[in-house]
Amino acid sequence: MVNQEDIKIAPSPFQAFLDDLHSKYKSITEGVVANYIPELAKVNPNLFSICIVTVNGDIYPVGNYNQLFTIQSISKVFVYGLALEDHGRDYILTRVGVEPTGDAFNSIILDEQSKRPYNPMVNAGAIATTSLIKGRGATERLNRLLAMYQRYIGSDVFVDISVFTSERSTGHRNRAMGHLMLNFGMIEEPIEEALDLYFQQCAVMVSCKDLAVMAATLANKGVNPVTKEQAIDSSCIKDILSVMYTCGMYNFAGEWAYKVGIPAKSGVSGGIIAVVPNVMGIAVFSPPLDSRGNSVRGVKVCEELSQHLGLHQFECSSKSSHFLDSLFRNVEMNGNGN
Ligand code: DON
């Protein structure tokens, strides 16, 4: 178990760099918090945290990193992984595609020919994915989802009932997508059960530090680097990171791939995770969103991290290897950073 309150922050150049990054973007006031789910509108827009967890399990947190919030769309990454484990890639591909949409996350669209939702990172695709999670009835399926989150995070997780019921009673657009997919045989009855499970997976409470550990687990071949537990079969990681890379930031995915260049996923509560394979997981939390539904500060922090540390997957300069050398040398010099 990870003790939520027990992180000792080791002084290091890397921690100082993150502290500076946090100070630099703290005063930004652009963006609007999500309000289409009424409960989300109550959040304090000033909350702001950054956390990096390396594949060695070292933790570099800044700001309100233990503050809990609902995971929202970031859940889509992990539930997609569970569906891949449950059914295998070939079957999942018959139900959900892997093409970016270029449209908003809540668009009511399916692929004209196949009738599949475009990808598992937009709402329609995520509802289809969730409907495939195995279990005898609603309770077992929810418990399997919660157990999955626990493996990634390393501690117990809970659904925020207010957010769940708030979305359940207002989520008519998602309900419409569910019925459209039911019409084309892409999901099966009972449709309200699949929608409830989708609303519940979105309403699971996480902190910025939890998200960074989850992202680091994806970076670490599916093994939680803090608890050393295998959270997901390593054979699924390539598929998960591929759809994150091409579709994780919605209709900003192309620009994100161009500028930041690492697999990522955002959620309307203001979280973003990004994965540097075999190196580290990154998480940022700041509720005000831009017009595409991505955290304003989160995008800026990730852009600067990528540029400064040379994290882009196609970076050809030696910047990237210098950063990795110094990060891991520093870890050795200071013991481990937690
Ligand atoms: O389905 C919804 O609308 C929300 N539960 C999740 C949306 C979300 O986080 C999209 N992210 N940018």
Side-chain angles (χ1 to χ4, degrees), residues 31-43 68-80 96 100-109 117-131 142 145 149 159-181 187 191-192 194-206 208 211 214-215 243-244 246-253 255-256 263-274 283-299 302:
V32 185
V33 304
N35 55 15
Y36 74 100
I37 302 172
E39 269 310 290
L40 292 186
K42 297 179 181 169
V43 72
L68 294 175
F69 52 93
T70 55
I71 189 167
Q72 296 301 334
S73 278
I74 298 174
S75 65
K76 293 167 179 169
V77 168
F78 303 96
V79 178
Y80 183 57
V96 191
T101 63
D103 287 309
F105 66 87
N106 57 2
S107 297
I108 306 183
I109 43 164
Y118 275 90
N119 68 69
M121 301 292 113
V122 291
N123 287 10
I127 294 166
T129 310
T130 304
S131 77
L142 175 61
L145 272 187
Y149 279 121
V159 172
D160 182 319
I161 295 298
S162 319
V163 175
F164 164 56
T165 50
S166 180
E167 186 167 10
R168 185 199 219 184
S169 55
T170 54
H172 305 303
R173 221 184 147 89
N174 284 331
R175 212 161 264 120
M177 284 174 220
H179 282 276
L180 187 63
M181 290 189 286
I187 65 176
I191 185 156
E192 283 304 328
L195 284 161
D196 273 0
L197 192 61
Y198 170 73
F199 296 142
Q200 285 160 344
Q201 79 178 47
C202 290
V204 162
M205 303 287 281
V206 289
C208 185
L211 285 181
M214 295 172 88
V243 288
M244 285 173 74
T246 51
C247 313
M249 300 300 283
Y250 308 115
N251 40 340
F252 185 63
E255 203 172 323
W256 175 276
K265 184 76 194 81
S266 70
V268 286
S269 51
I272 295 182
I273 60 166
V284 187
F285 171 58
S286 167
L289 308 177
D290 61 23
S291 58
R292 277 104 157 208
N294 297 320
S295 165
V296 174
R297 286 187 185 122
V299 170
C302 291

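All ligand and atom numbering here is 1-based and tracks the order in the structure.
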With the side chain counted from C-beta on, respond yes when Phe78 and Val204 share a heavy-atom pair under 4.5 Å apart, and no when they do not. no
Find all atoms of ligand 1 within a distance of less than 4.0 Å from any non-hydrogen atom belonging to Asn174, and give their numbers and elements. 1 (O), 2 (C), 3 (O)
Under 4.0 Å from a heavy atom of Asn123: which atoms of ligand 1 are those, numbered in the order shown and with their elements? 1 (O), 2 (C), 3 (O)
Using a 3.5 Å cut-off on N or O atoms only, is Lys76 in polar contact with ligand 1? no
When you compare the side chain of Tyr250 with that of Ser73, does any pair of heavy atoms fall below 4.5 Å? yes
Between Leu289 and ligand 1, which residue portion shows a heavy-atom distance shorter than 4.0 Å: side chain, backbone, both, or neither? neither
For ligand 1, note which part of Arg173 has a heavy atom under 4.0 Å away: side chain, backbone, both or neither. neither
Using heavy atoms and a threshold below 4.0 Å, how should the contact between Ser73 and ligand 1 be classified: side chain, backbone, both, or neither? both
Could you tell me whether the side chain of Arg175 reaches within less than 4.5 Å of the side chain of Arg168, counting heavy atoms only? yes
Tell me, do Phe252 and Val299 make a side-chain contact under 4.5 Å, heavy atoms counted? yes
Nearest heavy-atom neighbours spanning Ser166 and Glu39: OG-N, 3.2 Å
Heavy-atom distance under 4.5 Å between the side chains of Met249 and Met121, does that happen here? no
Quick one: which ligand 1 atoms are inside 4.0 Å of a heavy atom on Cys202? 5 (N)
Which atoms of ligand 1 are found less than 4.0 Å from any heavy atom of Glu167? 1 (O), 2 (C), 3 (O), 4 (C), 5 (N)
Atom indices of ligand 1, in the order listed, that fall short of 4.0 Å to a heavy atom of Gly293: 12 (N)
Is any side-chain heavy atom of Leu211 less than 4.5 Å from a side-chain heavy atom of Phe285? no
What atoms of ligand 1 come closer than 4.0 angstrom to any heavy atom of Tyr36? 2 (C), 3 (O), 4 (C), 6 (C), 7 (C)
What I'd like to find out is whether the side chain of Val33 reaches to under 4.5 Å of the side chain of Leu40, using heavy atoms alone. no
Contact check: Gly267 vs ligand 1, nitrogen or oxygen atoms, below 3.5 angstrom: no
Contact check, side chains of Leu142 and Leu197, non-hydrogen atoms, under 4.5 Å: yes
For atom 1 (O) of ligand 1, the closest protein heavy atom turns out to be Tyr198 OH, 2.6 Å
Atom 11 (N) of ligand 1 - nearest protein heavy atom and its distance: Tyr250 OH, 3.0 Å
